[in-house]
Amino acid sequence: MLSPLVLTRLEPADVADVRALVDAATAADGVSPFSEHVLLHLPRGGDAEVAHVLVRDEAGALLGCAHLDATDAVAGPSAELAVHPDSRGRGVGRAVAEQVLALSPDGRMRLWAHGEHPAAGALARSMGLTRSRVLWQMRRSLTEALPSYDVPEGVEIRPFRVGQDEQAWTETNNRAFVDHPDQGR
C-alpha cells in the first residue's frame, strides 16, 4: 500500500530527491514533468501556500511526487506530478493523483501533464478525468536560415515596429486565439 506524504515545505533532502526524480523523468521522457515555475521555486522548498505530495518506498527512495497550488480562486487548484521511470506501472501515479484530488479545497483540480506521455493520458482516462486544454509551444531556431517561400502579391514582410504595430498585432492575436482562455482577449 502506497501512503503519500503531504508537506507544505520541502526540506533540502526532499528537494534533492525531487530534483533527481525530475531529472530521471526528463531524461526518460524528453520533457520535464514540472513547469518552469515549479522548478524555479524548488531550491527554496517550493512556493508559499502550496502542498507537496511525496510517495516513498520502504527504504525511503522517492517514487513519485506532486506540486499542488490551490491559490487560484478563479480557475481552481492545479497540480503537476511525476513518477520515477523505474516506478511506473506500480500505482504510484494513481496514489499521487488521488491524494492531490483529495486535497482540493473545493473539489476542482487542473492536473497538468507535460509532453503527451501515454501513461499520463491512460491514468487520466482511468480516473474519469477529461482534457480541457492543450498548450502548444510554437518555436523555431533563431540561428537557422528561414526556409524559402513565395510572398503573395500585396503582402509585405518586415520587422515589428515598436510604437506602430502593437494594436494590429494584438488584434491579429485575438482573432487567431478567439476561443483560447489566455490569449483570446
> Going through the distances and angles, do Leu63 and Arg90 end up as a side-chain contact (heavy atoms from CB on, under 4.5 Å)?
Replying inline: CA-CA 10 Å; Leu63 307 178; Arg90 298 177 18 203; 3.9 Å; yes
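- Residue Ala28 comes nearest to Pro85 through the heavy atom pair CB-CG, 3.6 Å, listed as atom of the first residue, atom of the second, then distance.
- No more than 12 heavy-atom neighbours from other residues, nucleotides or ligands sit within 6.0 angstrom of CD on Glu36.
- Hydrophobic cluster membership for Leu7: Leu5, Leu10, Val15, Val18, Leu21, Val22, Phe34, Val38, Leu39, Leu42, Leu54, Leu62 (Ile, Leu, Val, Met, Phe, Trp, Tyr linked by side-chain heavy atoms under 4.5 Å, directly or transitively).
- Judged as a side chain to side chain donor-acceptor pair (under 3.5 Å), and not counting sequence neighbours, the contacts of Glu171 are Gln167.
- Side-chain contact check for Leu68 versus Val6: every heavy-atom pair is 4.5 Å or farther apart.
- Qualifying side chain to side chain donor-acceptor pair (under 3.5 Å) partners for Ser148, counting only residues two or more places apart in sequence or in other chains: none.
- Using cut-offs of 30° and 60° for the angle between ring planes, the Trp112 and His114 rings count as parallel.
- Glu116 is linked by a salt bridge (charged side-chain N to carboxylate O under 4.0 Å, His left out) to Arg131, counting only residues two or more places apart in sequence or in another chain.
- Transitive grouping of hydrophobic side chains (ILVMFWY, heavy atoms separated by less than 4.5 Å) keeps Phe160 and Ile157 in distinct clusters.
- Note on residues 91-102: pairs passing side chain to side chain donor-acceptor pair (under 3.5 Å), not counting sequence neighbours, are Arg94-Ser126.
- A distance-only check finds a donor-acceptor pair linking the side chain of Glu166 to the backbone of Gln164 [under 3.5 Å].
- For Arg161, there are no salt bridge (charged side-chain N to carboxylate O under 4.0 Å, His left out) partners two or more places apart in sequence or in a different chain.
- Put simply, the side chain of Arg88 reaches to within 4.5 Å of the side chain of His117, judged on heavy atoms.
- Taking Asp72 as the reference, nothing meets the side chain to side chain donor-acceptor pair (under 3.5 Å) condition, with sequence neighbours excluded.
- Nearest heavy atoms, Val92 versus Ser87: CG2-O, 3.7 Å.
- Salt-bridge formation is detected for the pair Asp165/Arg158: a Lys NZ or Arg NE/NH1/NH2 atom is positioned less than 4.0 Å from an Asp or Glu carboxylate oxygen.
- Taking hydrophobic clusters as Ile, Leu, Val, Met, Phe, Trp and Tyr residues chained together by side-chain heavy-atom distances below 4.5 Å, Val96 shares a cluster with Leu123.
- For the pair Ala75 and Arg110, the tightest heavy-atom approach, listed with the atom from each and the gap, is O-NE, 3.3 Å.
- Hydrophobic clustering (side-chain heavy atoms under 4.5 Å, transitive across Ile, Leu, Val, Met, Phe, Trp, Tyr) keeps Val83 apart from Val31.
- In terms of heavy atoms, Asp106 sits closest to Pro77 at OD1-CD, 3.6 Å.
- Take Asp150 and apply the salt bridge (charged side-chain N to carboxylate O under 4.0 Å, His left out) test, not counting sequence neighbours, and it matches no residue.
- Checked against side chain to side chain donor-acceptor pair (under 3.5 Å), Ser141 has the following partners two or more places apart in sequence or in another chain: Thr143.
- Arg140 is linked by a salt bridge (charged side-chain N to carboxylate O under 4.0 Å, His left out) to nothing, counting only residues two or more places apart in sequence or in another chain.
- No side-chain heavy atom of Pro33 sits under 4.5 Å from any side-chain heavy atom of Leu81.
- A ring-ring contact (aromatic ring centres under 6.0 Å, His included) check over residues 67-89, counting only residues at least two apart or in different chains, returns the pairs His52-His67.
- Residue Leu101 holds its CG atom at 13.5 Å from CZ of Arg108, rounded to the nearest 0.5 Å.
- Here side chain to side chain donor-acceptor pair (under 3.5 Å) pairs that include residues 4-24, with residues two or more places apart or in two chains, are Asp14-Arg56, Asp17-Arg56, Arg19-Asp23.
- In terms of heavy atoms, Ala79 sits closest to Val100 at CB-CG1, 3.4 Å.
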